[in-house]
Amino acid sequence: MDSKDNILEVTGLKVHFPIKKGVFGRTVGYVKAVDGVSFVLKRGETLGVVGESGCGKSTTSRAILGLNKPCGGEILFNGEPLAKMDAKTRARKIQVVFQDPMASLNPRHTIREILTEGMIYHGLCTKAESRAKAKELLESVGLPESFLDRYPHEFSGGQRQRICIARAIALEPELLICDEAVSALDLSIRAQVLDLLAELKQKLHLSFLFITHDIGVVQHVADRILVMNRGQIVEQGTCADVLGNPQEDYTKRLMAAVPKIGKPLV
């Protein structure tokens, strides 16, 4: 495949955070959260990024989202430098589902307002059309129309995460980043949400960057896997290659307690 098949290209990405000490906050060193990471995400692919807490995987995703400023390297989206893309366009094309759905939802807004605020802002629907659009979104994630006039605190964690997914796909993004999106869910609910994401991937022709500490989850959704440790990629390849014949001791440790949540989705 040539570069036209790549939706995301990350080359030599570095995100270093200064360590400051003293009364005047003098920089005495840097935490190299991400240190020379390079990878490619192909259009329509799910790329799993796995590693323990602090390995740099979420910092990498936040750099792609524009929440962390890189100090080195380059990120290309559809062949164009992501740094030159304005924030509104980036938000439209790249959406994210975070770990904690309750923290991601405005507790003062109804579900209809949560789902359609971005759509109205980006001109994808009018206020008059908002209820019909919100109903359609809820149905796409397996939730009923009766939820529209209720508030986030009235739902379970799994239902809230489905709402977050509905909000993410509302803007018709090309890339969906799932940053520990199922790690806070019970195993049975986790499997259902993974099924939903696989279904949406096919239906909406999405590309996924799936970030998790649980290599057992990655094998159920990913086409390829990157294993990160201490800000660097230590192993990468197809699920069959990495999980079937891991080369690094670190990868083997991550595989030591793989949960059994059903057959692979891919």
Side-chain angles (χ1 to χ4, degrees), residues 1 3 5-21 27-43 45-77 79 81-83 90 94 96-99 175-183 207-258:
M1 293 187 180
S3 60
D5 296 307
N6 299 334
I7 189 170
L8 186 70
E9 299 172 66
V10 177
T11 306
L13 180 66
K14 295 182 179 182
V15 183
H16 297 174
F17 298 112
I19 301 170
K20 296 183 180 293
K21 289 187 177 181
T27 299
V28 297
Y30 292 88
V31 175
K32 297 180 179 181
V34 177
D35 196 30
V37 164
S38 300
F39 64 87
V40 168
L41 172 63
K42 298 187 181 301
R43 205 173 307 280
E45 181 183 45
T46 297
L47 180 63
V49 183
V50 65
E52 295 172 308
S53 179
C55 73
K57 58 189 187 298
S58 290
T59 303
T60 299
S61 74
R62 290 174 66 85
I64 296 168
L65 291 165
L67 302 177
N68 284 333
K69 186 177 180 180
C71 62
E74 184 177 45
I75 304 172
L76 300 181
F77 185 78
L82 198 58
R90 188 192 303 231
I94 306 175
V96 61
V97 180
F98 289 111
Q99 175 178 351
L175 170 61
L176 185 60
I177 298 176
C178 295
D179 193 345
E180 299 284 8
V182 298
S183 63
S207 303
F208 276 81
L209 191 64
F210 197 94
I211 294 167
T212 179
H213 66 276
D214 189 342
I215 203 167
V217 169
V218 168
Q219 70 175 321
H220 288 263
V221 295
D223 300 298
R224 290 188 299 119
I225 298 175
L226 305 179
V227 181
M228 288 190 67
N229 186 27
R230 297 181 179 179
Q232 298 181 331
I233 295 172
V234 297
E235 189 163 2
Q236 62 179 299
T238 64
C239 286
D241 288 342
V242 174
L243 301 181
N245 186 29
Q247 300 300 304
E248 297 290 327
D249 289 340
Y250 180 75
T251 306
K252 294 174 183 177
R253 290 201 303 270
L254 292 177
M255 294 179 61
V258 177

Main-chain N/O of Gly12 paired to Ser38 side chain as donor or acceptor, under 3.5 Å: yes
Check: Ile177 and Leu65 side chains under 4.5 Å, non-hydrogen atoms: yes
Side chain to side chain, Phe208 and Val221, heavy atoms closer than 4.5 Å: no
For Gly48 against Ala222, the heavy-atom pair lying closest together: N-CB, 3.7 Å
Side chain proximity check, Val218 to Leu243, heavy atoms < 4.5 angstrom: no
Least distance between heavy atoms, Ala63 atom then Pro70 atom: CB-CG, 4.3 Å
Distance-minimising heavy-atom pair for Asp214 and Thr212: N-OG1, 3.0 Å
Nearest-0.5 Å distance that lies between atom CG in Leu226 and atom CG in Leu47: 4.0 Å
Between CZ on residue Phe17 and OG1 on residue Thr59, distance to nearest 0.5 Å: 5.0 Å
Shortest non-hydrogen contact between Ala181 and Cys178, atoms and distance: CB-CB, 3.8 Å
Nearest-0.5 Å distance that lies between atom CD1 in Ile225 and atom SG in Cys239: 4.0 Å
Donor-acceptor contact present, side-chain Glu248 to main-chain Glu235, <3.5 Å: no
More than 12 heavy atoms of other groups within 6.0 Å of Arg90 CZ: yes
Polar side-chain atom of Gln247 near backbone of Asn245 as donor-acceptor pair, under 3.5 Å: yes
Rounded distance [0.5 Å steps], CD1 in Ile7 versus CD1 in Ile94: 7.5 Å
Heavy-atom side-chain contact between Lys32 and His16 under 4.5 Å: yes
Pairwise side-chain contact, Asp223 with Lys42, heavy-atom cut-off 4.5 Å (strictly under): no
Side chain to side chain contact (heavy atoms under 4.5 Å, CB included) evaluation trace for Val50 with Val217: CA-CA 9 Å; Val50 65; Val217 169; over 6 Å; no
CA sep, side-chain torsions, deciding dist, call: Lys14, Val34, side chain to side chain contact (heavy atoms under 4.5 Å, CB included): CA-CA 5 Å; Lys14 295 182 179 182; Val34 177; 5.8 Å; no
Leu209 versus Ile64, closest heavy-atom pair with distance: CD2-CD1, 3.7 Å
Those residues that, when tested against Glu45, pass salt bridge (charged side-chain N to carboxylate O under 4.0 Å, His left out) (two or more places apart): Arg224
Test item: Glu74 and Pro81 side chains (from C-beta on) under 4.5 Å apart, heavy atoms: yes
Ser183 versus Glu180, closest heavy-atom pair with distance: OG-O, 3.1 Å
Pairwise side-chain contact, Asp35 with Tyr30, heavy-atom cut-off 4.5 Å (strictly under): no
Spatial distance of atom CG (Leu254) from atom NE2 (His213) [nearest 0.5 Å]: 10.0 Å
Sequence-distant partners of Glu9, salt bridge (charged side-chain N to carboxylate O under 4.0 Å, His left out), two or more places apart: none
Passing candidate, side-chain contact (heavy atoms from CB on, under 4.5 Å) with Val227, options Val242, Val49, Ile233: Val242
Test item: Val15 and Cys71 side chains (from C-beta on) under 4.5 Å apart, heavy atoms: no
